[in-house]
Asks: 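Here's a structure for you.
Residue numbers count from 1 along this sequence.
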Amino acid sequence: METVAFRMNLNRGAAEEYKRRHDEIWPELATVLKQAGVSDYSIWLDEETHHLFAVLKRSDDHTMDRIPDNEIVRRWWDFMADIMETKPDNAPVEVQLKKMFHLP
């Protein structure tokens, strides 16, 4: 298992709506993520900067690189595009984070 972390940007005033949508995550989207080898996925909000900090574990044989091609994922991105910073195809803008410390 590998742990991966990245940052996304939430639009100001959208925290409540972002949480509501994720509290009601589509079961088929959760299935796509799990089938791609993703587990223990959490997203945290820095309320001062509106940065979303995501951390997840992925299996050694993960297929996360195929997730952007999935129709369910693309519909989710379209659904979320109004409340966060996205690329032209509505994929969230993600900044990969470098691990600086880990206490097992």
Asks: Quick one: is the NZ or CZ of Arg75 closer than 6.0 Å to the six-membered ring centre of Trp26, and within 45° of its axis?
Replies: yes

Asks: Check this for me: does any side-chain nitrogen of one of Asp69 and Arg74 sit under 4.0 Å from a carboxylate oxygen of the other?
Replies: no

Asks: To the nearest 0.5 Å, what is the distance between CZ (Phe53) and CG (Leu97)?
Replies: 5.5 Å

Asks: Side-chain contact, heavy-atom cut-off 4.5 Å: His62 with Asp60?
Replies: no

Asks: May I ask you to test the His22-Ile43 pair for a side-chain heavy-atom distance under 4.5 Å?
Replies: yes

Asks: Working to the nearest 0.5 Å, report the span between OG1 of Thr49 and CZ of Arg7.
Replies: 7.5 Å

Asks: Should Tyr18 and Met80 count as side-chain neighbours, where that means a heavy-atom distance under 4.5 Å?
Replies: yes

Asks: Mind checking the OG-CE spacing from Ser59 to Met1? Nearest 0.5 Å is all I need.
Replies: 6.0 Å

Asks: Do you know which two heavy atoms are closest between Asn70 and Ile72, and how far apart they sit?
Replies: OD1-N, 2.8 Å

Asks: Hey, what do you get for CD1 (Ile25) to OH (Tyr41), rounding to the nearest 0.5 Å?
Replies: 8.0 Å

Asks: Contact between Lys57 and Glu2 at the side-chain level, heavy atoms closer than 4.5 Å - yes or no?
Replies: no

Asks: Are Arg58 and Asp40 close enough for a salt bridge, meaning some N to O gap below 4.0 Å?
Replies: no

Asks: Can you confirm whether Glu47 is buried at CD, in the sense that more than 12 heavy atoms of other residues, nucleotides or ligands lie under 6.0 Å from that atom?
Replies: no

Asks: If every non-hydrogen atom of Thr63 is compared with every non-hydrogen atom of Gln35, which pair is closest and at what distance?
Replies: OG1-O, 4.2 Å

Asks: Are any of the side-chain nitrogens in Glu17 or Arg20 under 4.0 Å away from the carboxylate oxygens of its partner?
Replies: yes

Asks: Are side-chain heavy atoms of Val32 and Val73 found at a separation under 4.5 Å?
Replies: yes

Asks: Report yes if some heavy atom in the side chain of Gln96 is under 4.5 Å from a heavy atom in the side chain of Val4; otherwise report no.
Replies: yes

Asks: Using side-chain heavy atoms (C-beta onward) and a distance below 4.5 Å, is Asn11 in contact with His50?
Replies: no

Asks: Any non-hydrogen side-chain atom of Val38 less than 4.5 Å from a side-chain atom of Met64?
Replies: yes

